[in-house]
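Structure record follows, encoded as structure tokens.
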Amino acid sequence: MSETPQNLADAWPKNYDHLDVEPRWVKTWNDWKIHEYNAESAAAKAGKTFAIDTPPPYVSAAHLHTGHAMSYSQAEFVIRYKRMRGHEVFYPMGFDDNGLPTERYVEQKYKIQKGKITRQEFIELCLKETRDGAAVYENLWRSLGLSVDWRMTYSTIQPRAVKHAQQSFLDLVKKGRLERREDPILWCPLCATSLAQADVEAGDEQNRPMHAVRFPVDPATAGPTSPADGVIETTRPELVTACVALACHPTDKRYGALKALRFQVPLTDLRPEGAKSHFRTVPLIFDESVDPEFGSGLMMVCTFGDTEDIAKWREHQLETVLIIDPQGRMMTPDLPTLHGQRVHVQAKGSGIYNEARLAAVELLKEHGYLLGIKDNVSRASLHERCSTPVEIQVAPQWFIRVLDLKEPLLARGRELNWYPEFMRERYEQWVENLRWDWNISRQRFYGVPFPVWFCNACQEPNFAHIDELPVDPLMAPCPRPCTHCGSADLRPEPDVMDTWMTSSLTPFINANWAMWNDKPGLERPIQDQPRPVIYPAGVRVQAHEIIRTWLFYTVAKSHLHTDSLPWKDVMISGWGLDKQGKKMSKRLGNFVEPGEIIHKYSADALRYWAAGASLGNDLRFLEEDVKGGKRLLTKLWNSTRFAMMYLSGWTPGQVKETPTAADIGIRARVVEAALQATEAFEGYEYSKAVRAAESLFWADWCDNYLEIIKDRFKEGTRFSPGEVEAARQTLLEGTWTILRLLAPVLPFITEELYQLAIKGFLRDPPQSIHIAAWPVNEAHQADVFGLANPQLTLVASGWSTLLALVGAVRTARTAQKIGGGRPLLAVHLDASVDDRAQIEPLIPDWLAASRAEELLVDNRGGLDWHDVAGTSMKVAIVVAPQEPTA
RNA sequence: AGGCGCGUAGCUCAGCUGGUUAGAGCACCACGUUGACAUCGUGGGGGUCAGCGGUUCAAAUCCGCUCGUGCCUACCA
């Protein structure tokens with residue numbers, strides 16, 4: 001040997017410096033193109049392509065926290081595993097940078113509002129923020145070690161994505177799935193746009209007082225038995241003048257006899273300047289859905305307070321009285337104190353009422369219609385982007401019909417492999433509860449334009465042709481006269497598409513679906529080349545709260561466009577929580593900057609924390625857990641350094657190895673753990689995989705095997721050259737396997753150690769550990785050590801008995817306050833003849849690990865006996881007299 | 001109001017296709033440092049597995065009910 005062990009230990013840096021190592025590998029991997037997708041590779045040609053679809057984050061977020069780092073890491077563990085498993089991996093990063101989230105962000109950052117800035121200026125600002133945000137993200141993703149092929153990055157404002165969204169639109173037009181309807185729709189008065197059902201969330205429970213309001217019976221319709229008034233209860237008194245009917249249950253005796261009864265709508269007789277006119281009157285209608293027990297049994301139907309109103313308005317063909325404008329202002333010129341008051345702005349000095357409601361209550365009170373107010377707890381429906389209570393407006397919108405697809409979409413959900421399985425429930429519930437077709441129109445600026453012009457003569461829509469995409473009708477005139485009437489007078493559709501219209505296409509964008517029918521051989525930049533082979537993708541990874549949006553919409557799109565699933569599997573991740581268990585969020589400010597954690601503890605340590613969450617479960621951020629990751633790195637560094645003390649300068653195979661029981665036992669444990677990790681990864685259970693590898697590494701490898709073999713490398717060892725060779729073989733293969741098992745989670749340190757320690761020993765070494773073969777092969781056989789049945793070998797080797805024997809000596813040492821380094825004169829064993837025979841093969845390793853000179857079998861008194869766990873044997877130790885210090 | 005998840009050591013969590021004495025990490029206590037590692041090692045204390053009832057030879061694990069907690073969906077006149 002050219003180097004003594006001590007020299008080698010000195011040659012290695014004593015400490016692992018992640019600040020040096022991690023940036024170095026980020027750069028080197030990039031130079032080596034380790035993560036680039038290669039459609040021509042052997043794996044790709046063998047049909048082993050694996051594409052992954054991860055969320056394109058809103059660049060407007062620009063506030064990545066450790067929760068984001070967590071979920072992207074979790075997806076990436078699986079990606080690295082698949083790559084080592086021999087798949088040609090396609091892993092792009094996307095950015096969602098159009099639509100309301102970006103607009104809201106820009107509005108808040110620059111304190112501007114739609115309508116007070118030109119469309120073009122607004123879009124400029126959005127683009128700027130988009131570019132800045134994407135750069136921030138990319139830096140973090142790179143420093144976190146995400147093995148993205150950055151050439152394949154997409155963003156939802158790029159022409160490529162716009163083209164996909166527009167082609168999707170046209171394809172759905174062609175398939176008869178799109179309709180333009182003037183319908184009541186969900187509406188956000190703050191954002192001044194329509195919304196889809198998925199954009200609405202339930203607000204917190206709060207006091208929304210119930211107002212009892214008197215509706216006088218129209219004298220012209222009153223009969224001898226009719227009451228003087230109908231009394232309704234409402235949480236929305238500001239909508240009283242939009243009332244179009246009062247409803248009661250058909251069997252309600254109080255009203256049932258009076259089918260022709262009409263009521264006067266309060267306040268509708270008022271005119272400005274104190275003038276009076278006649279009341280608007282509304283009919284009494286009968287509807288099964290009215291609960292006779294609720295209040296007086298009369299329900300106010302107005303246009304429109306909620307979906308119930310819409311249903312009754314449709315069914316009973318009621319008139320329409322709209323009194324709220326698109327900006328949420330009351331349109332009641334006859335009631336000046338109410339007119340112009342806003343429904344989405346809190347009234348000054350009122351904790352409960354908005355401006356409009358306060359003014360309406362005052363008016364009703366003043367004119368004697370308000371009979372009482374009582375507290376009432378309920379929750380409002382809010383726009384999830386801005387938390388404004390949602391209203392209902394009537395406007396022409398583009399809808400994708402989905403309500404008739406519940407059954408096939410449920411079937412798609414059952415066809416998909418869910419990890420974890422129970423998350424399918426969320427999807428099913430959402431689909432079963434769909435109540436609206438998908439409204440894809442948004443009255444906003446910054447989004448994908450509809451490829452549509454309307455004819456001013458006949459009002460019919462004219463669609464762009466697919467080969468004209470992408471197109472912005474606001475910038476480009478319709479290339480032809482109206483196809484319906486021949487008029488040349490056309491106007492563009494001013495609305496833009498729902499942002500989900502684009503992000504539901506991510507598997508399509510990655511595959512460049514819109515280019516599939518291009519002429520072959522067409523020159524295109526790499527990110528625009530058609531890739532049908534990656535559709536459907538292997539897996540979608542996402543968090544559970546967007547099952548109803550991103551997952552649902554993507555499944556629907558794939559069903560409609562390609563009559564297939566968009567991916568084979570879906571892996572659902574949980575949330576990153578703060579120390580108290582609350583979801584990390586920008587708004588709450590309870591988040592930790594991932595950059596700081598990476599700097600302080602390393603990206604590997606942060607990833608290790610992320611690997612602690614079992615699949616689908618939330619994970620608290622505890623700095624202690626990241627520290628645990630750092631400790632694992634240190635341990636890996638030191639143990640590999642230790643192995644290299646005895647491997648450096650060694651040429652394998654020059655001596656025929658004769659493995660001891662310990663060698664055979666640890667080899668079986670290595671193989672067993674490798675198989676466990678493999679099985680876990682196959683089911684996306686990255687946390688189980690890490691636990692299997694970590695427990696092998698720490699408990700079996702470091703705490704025991706390395707201790708057991710130390711004696712073999714000492715001067716005058718009792719072990720033969722063949723046994724020393726076996727220890728070396730085991731050290732090499734064991735270290736190599738442990739590094740590979742941990743490589744998906746700890747990409748940096750495993751690469752560094754592979755390059756420093758292992759690479760030189762391999763015959764045909766891969767350039768990087770991340771393209772090395774996973775230690776378990778296709779046939780689910782561990783390649784290392786060639787063990788056919790690790791479990792059997794493990795039992796036969798007596799590994800657990802050996803650990804118990806070693807442990808008993810350690811217990812004895814502790815009890816007698818004898819340090820682990822001090823040699824023992826003898827180990828005494830109290831055992832039956834059978835037991836003694838059983839452990840015979842373990843004795844050399846046991847004594848070596850115990851630093852004991854000899855074994856004495858007896859049960860002599862006067863010794864401190866200790867049980868050997870799991871056996872009926874006992875152990876005692878005798879220490880050599882301490883040499884007097886000179 | 002329905003559905004789903006969770007409730008296990010002081011803390012964070014595994015285990016939960018039923019089967020030796022219920023585990024890990026952190027924290028705590030004691031001991032131990034010239035041969036990989038004090039960013040450490042060894043040993044130890046600590047749990048009536050939320051509660052109640054049932055199935056079973058056997059329940060943290062299966063079933064029912066209750067309580068607490070989180071989320072999803074709904075209601076929200």
Side-chain angles (χ1 to χ4, degrees), chain A residues 5-6 8-9 12 14-16 201-203 205 208 210-211 213 232-236 239 246-248 289-291 294-302 305-309 312 376-381 420 422-430 432-433 435 544-545 547-548 574-575 577 579 581-583 601 612-614 616-625 627-646 687-688 691 694-695 698-699 702-703 706-707 710 713-714 806-807 809-822 866 869-870:
Chain A
Q6 196 53 51
L8 185 101
W12 276 55
K14 183 161 169 64
N15 294 316
Y16 174 69
E201 64 179 9
E205 285 200 332
R208 303 174 73 219
M210 194 69 83
H211 304 74
V213 178
I232 61 99
E233 295 198 354
T234 181
T235 57
R236 304 207 53 189
L239 286 176
L246 296 191
C248 72
S289 71
V290 180
D291 176 6
F294 192 99
S296 64
L298 270 183
M299 181 196 285
M300 171 173 81
V301 180
C302 46
D306 58 30
T307 51
E308 271 307 302
D309 287 341
K312 293 188 179 59
N376 166 58
V377 171
S378 72
R379 43 181 93 237
S381 293
F422 68 82
M423 288 292 181
R424 172 185 285 119
E425 212 53 45
R426 302 265 181 118
Y427 174 86
E428 300 226 336
Q429 264 189 41
W430 175 254
E432 280 164 6
N433 284 304
R435 298 180 66 164
H544 46 69
E545 86 276 14
I547 288 174
R548 66 178 195 164
W575 288 341
L577 308 179
K579 227 172 157 173
K582 279 217 158 49
K583 187 188 177 190
Y601 298 105
S614 56
N617 283 344
D618 300 342
L619 179 66
R620 285 181 203 224
F621 183 81
L622 299 170
E623 201 161 321
E624 285 305 316
D625 291 344
K627 281 185 190 164
K630 189 77 201 300
R631 269 187 290 272
L632 176 59
L633 303 190
T634 304
K635 193 78 176 172
L636 269 172
W637 181 258
N638 286 320
S639 66
T640 307
R641 190 160 157 261
F642 169 80
M644 286 315 292
M645 280 170 45
Y646 304 115
S687 65
K688 283 185 187 168
R691 267 203 309 279
E694 190 183 3
S695 132
W698 210 299
C702 291
D703 290 349
L706 296 188
E707 292 300 327
K710 275 178 181 172
F713 298 104
K714 284 186 181 143
V806 170
V809 171
R810 284 174 178 161
T811 308
R813 278 179 182 271
T814 299
Q816 290 169 233
K817 300 187 201 266
I818 297 163
R822 222 173 130 194
H866 294 271

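These figures come from a predicted structure and were not determined experimentally. Note: hydrogens, waters and symmetry copies are ignored here, and every other heavy atom, side chains too, is used. The sequence lines fix the lettering, A, B, ..., with proteins before strands; numbering per chain opens at 1.
Nucleic acid contact for A/F422: sugar-phosphate only, since backbone atoms but no base atoms lie under 4.0 Å from a heavy atom of the residue. In this structure, A/W430 reaches the sugar-phosphate backbone alone: every heavy-atom distance under 4.0 Å involves primed, P, OP1 or OP2 atoms, never a base. A/M423 comes within 4.0 angstrom of no nucleic acid atom, judged by non-hydrogen atoms across all strands. A/V377 comes within contact range of no nucleotide atom at all, as no heavy-atom separation falls under 4.0 Å. When heavy atoms are screened at a 4.0 angstrom cut-off, A/L622 is found touching the sugar-phosphate backbone but no base atom. As judged by a 4.0 angstrom heavy-atom cut-off over every strand, A/R813 is placed among residues making no nucleic acid contact. Residue contacts shown for A/E425 are limited to sugar-phosphate atoms, with no base heavy atom under 4.0 Å away. Note on A/E205: nothing from the nucleic acid sits closer than 4.0 angstrom, heavy atoms only. A/D306 comes within 4.0 angstrom of sugar-phosphate atoms only, judged by non-hydrogen atoms across all strands, and of no base. Note on A/R208: a base of the nucleic acid sits closer than 4.0 angstrom, heavy atoms only. Within the nucleic acid shown, A/S639 comes within 4.0 Å of at least one base atom, counting heavy atoms only. Using a 4.0 Å heavy-atom distance criterion, A/T640 is classed as making no nucleic acid contact. Looking at heavy-atom distances under 4.0 Å, A/S687 makes no contact with the nucleic acid at all.
Base pairing annotation: B/C26 forms a Watson-Crick or G-U wobble pair with B/G10, both donor-acceptor distances under 3.5 Å. With both pairing distances under 3.5 Å, B/A60 is matched to nothing as a Watson-Crick or G-U wobble pair. Base pairing analysis places B/C65 opposite B/G51; the two distances defining the Watson-Crick or G-U wobble pair are each below 3.5 Å. In a base pair of the Watson-Crick type (N1 to N3 plus N6-O4 or O6-N4) or a G-U wobble (N1-O2 and O6-N3), with each distance short of 3.5 Å, B/A1 is matched with B/U73. Pair assignment for B/G45 gives none, since no Watson-Crick or G-U wobble pairing has each distance under 3.5 Å. With both pairing distances under 3.5 Å, B/U21 is matched to nothing as a Watson-Crick or G-U wobble pair.
Side-chain atoms of A/W698 lie closest to B/G41 of the nucleotides B/C37, B/G41, B/C72. With B/U39, B/U42, B/A74 as the candidates, the nucleotide lying closest to the side chain of A/T814 is B/U42. Nearest nucleotide to the A/L706 side chain, out of B/G43, B/G3, B/A36: B/A36.
Contact check, A/Y646 against B/A36: a side-chain N or O comes under 4.0 Å of OP1 or OP2. Distances shorter than 4.0 Å separate some side-chain N or O of A/S614 from OP1 or OP2 on B/A14. Proximity of A/R631 to the phosphate of B/G25: no side-chain N or O atom is located under 4.0 Å from OP1 or OP2.
Look at NZ on A/K14: it is 5 Å from P on B/C37, rounded to the nearest Å. When rounded to the nearest whole Å, the span between NZ of A/K817 and P of B/G44 equals 15 Å. In this structure, the CH2 atom of A/W637 is 13 Å from the C1' atom of B/C37, given to the nearest Å. Note: CZ (A/R822) to P (B/U34) measures 12 Å, nearest angstrom. Computed from coordinates, the A/R620 CZ to B/U69 P distance equals 14 Å when rounded to whole Å.
Judged by distance alone, with hydrogens and angles left aside, A/K635 brings a side-chain donor or acceptor within reach of the base of B/C37, the pair sitting under 3.5 Å. Contact annotation: side chain of A/E624 to base of B/G25, donor-acceptor pair absent below 3.5 Å.
Taking the C1' atoms as reference points, B/G54 lies 33 Å from B/U12, given to the whole Å. Comparing B/G43 with B/A59, their P atoms are spaced 32 Å from each other, to the whole Å.
B/G32 has its base anti relative to the sugar, with a glycosidic angle deviating from 0 by more than 90°.
Mapping A/T634 and A/K688 onto RNA chain B by nearest heavy atom places A/K688 closer to the 5' end of the strand. Where A/N617 and A/D703 each meet RNA chain B at their nearest nucleotide, the meeting point lying more 5' is that of A/N617.
Remark: side-chain polar atoms of A/R620 are paired, donor with acceptor, to backbone N or O of A/K579 under 3.5 angstrom. Looking only at distances, a side-chain donor or acceptor of A/R813 sits under 3.5 Å from a matching main-chain atom of A/R822. Between the A/D309 side chain and the A/V301 main chain, no donor and acceptor come within less than 3.5 Å of each other. Looking at A/N433, its side chain does come within 3.5 Å of a backbone N or O of A/Q429 through a donor-acceptor pair.
Here the side chains of A/L706 and A/F642 are in contact, with some heavy-atom distance below 4.5 Å.
A/K627 has no carboxylate O lying under 4.0 Å from a charged side-chain N of A/E623, or vice versa, which leaves the two without a salt bridge. A salt bridge links A/K583 with A/E545: the closest approach of a Lys/Arg side-chain nitrogen to an acidic carboxylate oxygen falls below 4.0 angstrom.
For NZ of A/K714, the number of neighbouring non-hydrogen atoms (other residues, nucleotides, ligands) closer than 6.0 Å is greater than 12.
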